[in-house]
Amino acid sequence: MNKNNKMNTNERHSILQVPFNGLTMDDTLQVLLNFIKTDVNHLVVTPNPEAVMLAQRDKTFLQVLQSADLVLPDGIGILLAARWLKLNIPCRVPGCDITMALLDAAKGHSCYLLGAAPGIAEMARRNLQNKNIIVLGAKDGYFDEDMGITIMNEIKELKPDILIVGMGMPKQEIWALKHLHTLPCKITLCVGGSIDIMAGNIKRAPKIMRRLGLEWLFRLITQPSRAKRMPDLPKFVFKVMKVSKHMFT
């Protein structure tokens, strides 16, 4: 965790070595608004069960998640695991929802979009600007080393308060931690496909499916390519149940 961060972000609860903050949506928003008032950059990540399982295989990714200033539970599987393990994680905090809540609440503060396929970040930029959100720049996530340096220099020059990174796991988190202390932002949010959603390129699940914890099913139906990730879900359940058995027997 950022050593300069003196704020109370609530105690953490470990699920398969990944530490989650037990915060409500309102609490999370308040913490983020407090982050904006500081002079240091804070890393915020939003792991789901697939990310937790990826972290079991990729120790670099695990270390990044453990180093983040705020680790938010994105996925009904995390909430169910918390209940099995009797951990105080009150609700899901989806990356897209908390990002939009922050941008709405922090009007007057600026952001920069980095990620998604070519052209998508620009579409998201226009949509956000139509909501009177200040977007200083937008670049896709497909850049080489030279372009990466150019993007870094642009972010340093523009000094956005919020950097929204959507390049997929674990690339976005590893990139964000690597550059965390060289970028003049207050918050770096790693939020996966949220830029696609902001652009209107990907639709959110209907509210009823979100309330029932079935957003994962909607994504699978609308994005069949996600099927390759599905084997991690039963593995996640099995490992959590195994840990739960050892804890309570």
Side-chain angles (χ1 to χ4, degrees), residues 1-12 19-47 64-74 90-116 121 124-139 141 151-167 172-173 175-195 197-199:
M1 181 177 289
N2 192 322
K3 293 180 180 180
N4 294 320
N5 176 21
K6 302 298 184 181
M7 298 175 187
N8 177 20
T9 56
N10 210 344
E11 63 180 306
R12 293 193 169 194
F20 287 90
N21 293 87
L23 300 170
T24 65
M25 283 287 294
D26 288 343
D27 290 338
T28 301
L29 179 57
Q30 188 56 57
V31 170
L32 293 173
L33 291 174
N34 288 339
F35 283 169
I36 280 186
K37 299 174 185 177
T38 69
D39 58 358
V40 292
N41 196 359
H42 300 81
L43 177 61
V44 181
V45 297
T46 58
V64 172
L65 297 181
Q66 293 172 336
S67 300
D69 293 281
L70 206 56
V71 185
L72 306 175
D74 188 341
C91 65
R92 294 174 58 223
V93 184
C96 186
D97 291 347
I98 195 60
T99 299
M100 291 308 303
L102 174 61
L103 294 178
D104 286 337
K107 290 284 178 62
H109 291 277
S110 60
C111 70
Y112 188 105
L113 307 177
L114 178 61
R125 177 183 188 175
R126 290 194 295 270
N127 289 344
L128 292 176
Q129 287 175 329
N130 288 336
K131 298 180 180 180
N132 297 316
I133 294 169
I134 302 170
V135 186
L136 299 181
K139 291 290 188 297
I151 291 171
M152 288 283 293
N153 289 336
E154 181 174 85
I155 295 172
K156 289 177 182 178
E157 181 179 349
L158 294 173
K159 296 181 172 63
D161 297 305
I162 304 164
L163 175 61
I164 299 170
V165 186
M167 298 189 290
Q172 61 191 13
E173 290 85 2
W175 184 93
L177 182 61
K178 178 180 179 181
H179 301 293
L180 188 69
H181 299 296
T182 62
L183 294 176
C185 311
K186 309 300 178 59
I187 301 172
T188 296
L189 275 166
C190 296
V191 287
S194 295
I195 295 176
I197 294 172
M198 294 173 192

For the backbone of [Y] and the side chain of [X], can you confirm whether one donor and one acceptor N or O come within less than 3.5 Å of each other?
X      : Y      : result
Asn41  : His181 : no
Asp74  : Pro47  : no
Gln66  : Pro19  : no
Asn21  : Leu72  : no
Asn127 : Ala199 : yes

How about [X] and [Y]: do any of their side-chain heavy atoms sit closer than 4.5 Å?
X      : Y      : answer
Leu113 : Leu163 : no
Pro184 : Lys159 : yes
Val44  : Thr28  : no
Lys186 : Phe35  : no
Lys131 : Met100 : yes
Thr24  : Asp27  : yes
Cys185 : Ile155 : yes

field: Heavy-atom pair of closest approach, residues Thr46 and Val191
entry: OG1-CA, 4.2 Å

field: Neighbour count >12 (heavy atoms, 6.0 Å) for atom NZ, Lys178
entry: no

To the nearest 0.5 Å, what is the distance between [atom1] ([X]) and [atom2] ([Y])?
X      : Y      : atom1 : atom2 : result
Leu136 : Tyr112 : CG    : OH    : 9.5 Å
Ile162 : Ile187 : CD1   : CD1   : 5.0 Å
Leu103 : Ile133 : CG    : CD1   : 4.5 Å
Leu177 : Ser67  : CG    : OG    : 5.5 Å
Glu173 : Cys190 : CD    : SG    : 5.0 Å
Thr188 : Leu114 : OG1   : CG    : 10.0 Å

message: Less than 3.5 Å apart, any donor N or O on the side chain of Glu157 or Asn153 sitting next to an acceptor on the other?
response: no

Trace of the side-chain hydrogen bond (donor to acceptor under 3.5 Å, both in side chains) decision for His109 with Asp161: CA-CA 6 Å; His109 291 277; Asp161 297 305; 3.2 Å; yes

